[in-house]
**Q** 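Following this message is one structure expressed as C-alpha cells.
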2 protein chains.
Amino acid sequence: MIARMIRPVANPLPALSDDDAARLADMFRLLGDPSRLRIVLACIAGPVSVGAIAERVGLSLSLVSHHLRLLRAARLVKATRQGKQVFYAAADDHVRCVIADMVSHVGEGPEQDEREEDD
Amino acid sequence: MIARMIRPVANPLPALSDDDAARLADMFRLLGDPSRLRIVLACIAGPVSVGAIAERVGLSLSLVSHHLRLLRAARLVKATRQGKQVFYAAADDHVRCVIADMVSHVGEGPEQDEREEDD
DNA sequence: CATACACTTGAACATCTGTTCAAATGATCG
DNA sequence: CGATCATTTGAACAGATGTTCAAGTGTATG
C-alpha cells in the first residue's frame with residue numbers, strides 16, 4: 001500500500017541538449033544489460049562485497065568486477081574498502097527511482113507489438 | 001516551482017526475478033542509444049510525425065523508422081496514423097518519469113572516476 | 001618475507017547493434 | 001489507374017560490447 005506513493009506527474013524535462021542526451025543515454029545503456037542491471041539491483045539492497053554479488057547473480061568474479069568498474073565510473077554505485085573486501089552500494093536514491101519507475105512502466109501492459117491502438 | 005514536487009524516497013523494489021530484470025534491461029537498453037533517446041525526447045514533446053522527428057534530431061527517415069519500430073514494440077512510444085503521416089508520442093508518463101529521474105541523477109555530480117570516496 | 005584471500009586488469013574473441021542504401025508498402029489526389 | 005508523398009522494410013556492413021581466461025594488484029596473517 002505504501003509502496004506506490006504519490007507520484008508527481010513528471011517534470012517538464014527542460015529541453016536537453018544533444019550533449020545532455022548523450023550523457024543520459026550512457027547511463028541508460030549501463031542499465032541496459034541484464035547482468036549489469038542485476039548487479040545494480042544487488043547493490044540497491046545494501047552494501048555488498050564483490051564476491052557476494054558474484055554469487056548472488058551467478059557471474060564470475062572477473063565479470064562482476066568489470067561491470068562494477070563501469071557502474072562506478074558512471075557513479076551509479078559507490079565503493080567502500082573494508083579490509084580485503086570492497087563493498088558496493090547504489091550511489092543515491094535516483095537510481096532506485098529510475099528503476100522503480102521503469103518497473104511501473106513494464107508492469108503497466110504485457111507489451112504487444114501493434115501498429116496503432118486508436119481504433 | 002511545481003516542477004520538482006514531492007519525491008517519494010523510492011519504492012522498496014520488491015525482489016525482481018531474473019526474468020523481470022531482463023525485461024527491465026531491455027527497456028533501458030532502448031533508451032541507451034543517443035539517437036534513440038533523442039527520438040523519445042522528441043516524442044515526449046507531443047505527437048510528432050516521423051518526418052518531423054527525423055528533421056529535429058538530424059537523422060535519416062529510414063533510421064528513425066527503424067528506431068521507432070523498436071520503441072513501439074517496447075511500448076515506449078505509441079503511433080497514430082493520420083492520413084499519410086504517422087504521429088508518435090510517448091506511451092505514458094512513466095517514461096517521462098524515468099528520464100526525469102535520470103536527469104536528476106546526472107545533474108547531481110559531475111561524474112568523476114574515483115576508487116572510493118569514504119575518506 | 002611468504003602465503004592466501006579478495007579483487008582488479010588486460011587482451012582476445014564472438015556476438016550483437018546502429019547505420020546505410022535500395023526497394024517496397026500504404027495512402028491520397030488528379 | 002498512375003503519380004506522388006510519407007513511412008516502412010530487408011540485407012549488408014563496420015564498429016561497439018559482453019564475456020572469458022590468465023596474469024596482476026593489494027591487504028591481511030602467520
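Excluded from the calculations below are hydrogen atoms, water molecules and symmetry mates; all remaining heavy atoms, backbone and side chain alike, are included. So you know, we letter chains A, B, ... as the sequences are listed, proteins then strands, and number each from 1. Please read these numbers as outputs of a predicted model, since none were measured by experiment.
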**Q** So, OP1 or OP2 of C:dT17: does either fall under 4.0 Å of a side-chain N or O from B:Arg29?
**A**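 B:Arg29 to C:dT17 OP1/OP2: side-chain N or O found under 4.0 Å.
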
**Q** So if I define the base as every atom that isn't primed, P, OP1 or OP2, how would nucleotides 24-30 of chain C read as a B/S/- string at a heavy-atom cutoff under 4.0 Å?
**A** ---SS--

**Q** Any side-chain N or O of A:Arg72 below 4.0 angstrom from OP1/OP2 of C:dC7?
**A**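 For C:dC7, neither OP1 nor OP2 has a side-chain N or O of A:Arg72 closer than 4.0 Å.
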
**Q** Sequence neighbours left out, what passes side-chain contact (heavy atoms from CB on, under 4.5 Å) with B:Glu55? Give chain and number order.
**A**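 B:Glu55 satisfies side-chain contact (heavy atoms from CB on, under 4.5 Å) with no other residue.
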
**Q** Do any side-chain atoms of residues 27-48 of chain A form donor-acceptor pairs under 3.5 angstrom with protein atoms, and if so which ones, sequence neighbours left out?
**A**
{"residue": "A:Arg29", "atom": "NH2", "partner": "A:Asp26", "partner atom": "OD1", "Å": "3.1"}
{"residue": "A:Asp33", "atom": "OD2", "partner": "A:Ser35", "partner atom": "N", "Å": "3.2"}
{"residue": "A:Asp33", "atom": "OD2", "partner": "A:Arg36", "partner atom": "N", "Å": "3.1"}
{"residue": "A:Arg36", "atom": "NE", "partner": "A:Leu30", "partner atom": "O", "Å": "2.8"}
{"residue": "A:Arg36", "atom": "NH2", "partner": "A:Arg29", "partner atom": "O", "Å": "3.3"}
{"residue": "A:Arg38", "atom": "NH2", "partner": "A:Val57", "partner atom": "O", "Å": "2.6"}

**Q** Is A:Arg81 reaching over with its side chain to a backbone N or O of A:Lys84, donor-acceptor style, under 3.5 angstrom?
**A**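 Judged by distance alone, yes, a pair lies under 3.5 Å.
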
**Q** Counting side-chain heavy atoms from C-beta on, which of D:dT7, C:dT20, D:dT19 comes nearest to B:Leu63?
**A**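 Closest of the options to the side chain of B:Leu63: C:dT20.
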
**Q** Can you see if the side chain of A:Tyr88 gets near the phosphate of C:dA6 - specifically, an N or O under 4.0 Å from OP1 or OP2?
**A**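 Indeed not, no polar side-chain atom of A:Tyr88 lies that close.
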
**Q** Whole-Å distance between D:dA6 C1' and B:Phe87 CZ?
**A**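 Answer to the nearest Å: 11 Å.
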
**Q** Show me the protein contacts with nucleotides 10-13 of chain C, counting only N or O atoms at under 3.5 Å.
**A**
{"residue": "C:dG10", "atom": "O6", "partner": "A:His66", "partner atom": "NE2", "Å": "2.8"}

**Q** Please list, by residue number, the residues of residues 34-42 of chain A whose heavy atoms come closer than 4.0 Å to an atom of DNA chain C; answer none if no residue qualifies.
**A**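 Residues of residues 34-42 of chain A under 4.0 Å from DNA chain C: none.
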
**Q** Rounding to 10°, can you tell me the angle the first-five-pair axis of the helix from C:dC1-D:dG30 to C:dG30-D:dC1 makes with its last-five-pair axis?
**A**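 Inter-axis angle at the termini of the helix from C:dC1-D:dG30 to C:dG30-D:dC1: 20°.
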
**Q** Take atom NE2 of B:His67 and atom P of D:dT8, then tell me their distance rounded to the nearest Å.
**A**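 Atom NE2 in B:His67 sits about 13 Å away from atom P in D:dT8.
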
**Q** Counting side-chain heavy atoms from CB outward, which of C:dC7, D:dT7, D:dT19 is closest to B:Leu61?
**A**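 Closest nucleotide among those given: D:dT7.
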
